[in-house]
Amino acid sequence: MEERLLIVEDDKKLNDGIRLALKYDSYLFYQCRTLQEARQILRKESVTLILLDVNLPDGNGIDFVREVRKDSQVPIILLTVNNMEVDIVTGLEAGANDYITKPFSLMVLRARVAVQLRDKETTGKDRMVFDGFEFYFDKMEFFKDREAMELSKTEQRLLRVLCENRGKVLKREYLIDAVWQGDTEFVDGHALTVAIKRLRDKLEDDAQKPKYIRTVYGIGYTWTAKE
């Protein structure tokens, strides 16, 4: 999958320099010099990493980190000046993944970017954030609109299978095998129906009119992909 990097840096020379330093890694770049331009790009495009200057003409980069973190866990590397410790600590607490202080080595930049993209690949299936949901399967923590939810082990396994296959129709037999992990001798279709109902009760605004976990009659279920 092609990596899409968003560079938010008002210094045009540095902005272009970052792109040139990383171009050999075959990334696709979006370059902008204001937060407003960055917002427009994020509304239209799916990016896999953000390189973000802290001080921008139309706002503070750390505030922008908080804004992004409301509905996305895309890796963010802050670009800070003169090792400003307050900016670094505040930025990391706001949700940034890493920081680089200016002036910086382009070799260090490339290494930091590679680390974040590698970490994203390894943790992506353990952490899913979309549509107001936050699912942290590794920590067994689940949130809807910032409110914590308690899920049983069966519900967690069912949710994970559905989310990892968003947009795909999964047969009931496949789900039973995946959720109960082959221990299906005493598990029937009713157990799956009950698990689906309990999950809907916790996730859906209206369990009678599910928006996410849809029934595909005669086949199984699907987690509706986000438009």
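- Here K144 pairs with D205 under the side-chain hydrogen bond (donor to acceptor under 3.5 Å, both in side chains) rule; sequence neighbours left out.
- Both M140 and L203 sit in one connected hydrophobic cluster of ILVMFWY residues. Membership requires side-chain heavy atoms under 4.5 Å apart, directly or through other members.
- The cationic atom of K139 (NZ for Lys, CZ for Arg) lies less than 6.0 Å from the six-membered ring centre of Y136 and within 45° of the ring axis.
- No donor-acceptor contact under 3.5 angstrom links the side chains of Y27 and R19, judged on distance only.
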Quick one, R33 with E37, criterion salt bridge (Lys or Arg N to Asp or Glu O under 4.0 Å). Give me CA distance, side-chain angles, the key distance, then yes/no. CA-CA 7 Å; R33 296 166 67 182; E37 291 173 357; over 6 Å; no
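- Between L49 and V74, the shortest heavy-atom contact is N-CG2, 3.6 Å.
- In this structure, the side chain of R110 does not engage the main chain of V113 through any donor-acceptor pair within 3.5 Å.
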Do L117 and R112 pass the side chain to side chain contact (heavy atoms under 4.5 Å, CB included) test, and can you show the C-alpha distance, the side-chain angles, and the key distance before you say yes or no? CA-CA 9 Å; L117 292 176; R112 294 287 183 88; over 6 Å; no
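- Salt bridge annotation for R146-E134: present, with a cationic side-chain nitrogen under 4.0 angstrom from a carboxylate oxygen.
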Apply salt bridge (Lys or Arg N to Asp or Glu O under 4.0 Å) to K211 and D131, showing your working. CA-CA 11 Å; K211 178 181 176 183; D131 284 10; 5.3 Å; no
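- Under the 4.5 Å side-chain criterion, counting only non-hydrogen atoms from C-beta, T215 is not in contact with I219.
- Between Q156 and F142 the shortest side-chain heavy-atom distance falls below 4.5 Å.
- To the nearest 0.5 Å, atom CG of residue L192 and atom CG of residue L158 are 6.5 Å apart.
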Mind running side chain to side chain contact (heavy atoms under 4.5 Å, CB included) on L78 and I100 for me, showing each step along the way? CA-CA 6 Å; L78 291 177; I100 305 177; over 6 Å; no
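- Closest of all the heavy-atom pairs between A178 and V161 is CB-CG2, 4.0 Å.
- In terms of hydrophobic clustering, with Ile, Leu, Val, Met, Phe, Trp and Tyr side chains grouped at heavy-atom distances under 4.5 Å, I88 and V68 are assigned to a common cluster.
- Ion pairing between a basic and an acidic side chain is recognised when a charged N comes within 4.0 Å of a carboxylate O; D201 and R198 show no such pairing.
- The two residues A38 and V8 have their closest heavy-atom pair at CB-CG2, 3.9 Å.
- Q36 and D58 share no side-chain donor-acceptor pair at under 3.5 Å.
- Few gaps surround CZ on R39; more than 12 heavy atoms of other groups in view lie less than 6.0 Å from it.
- The distance between the ring centers of F135 and F143 does not fall below 6.0 angstrom.
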Test salt bridge (Lys or Arg N to Asp or Glu O under 4.0 Å) applied to E9 and K102, step by step: CA-CA 12 Å; E9 166 61 62; K102 302 177 188 178; 2.9 Å; yes
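- Remark: the backbone N or O of Q116 is not paired with any side-chain donor or acceptor of D98 at under 3.5 angstrom.
- Contacts of Y212 classified as ring-ring contact (aromatic ring centres under 6.0 Å, His included), with partners at least two apart in sequence or in another chain: F133, W223.
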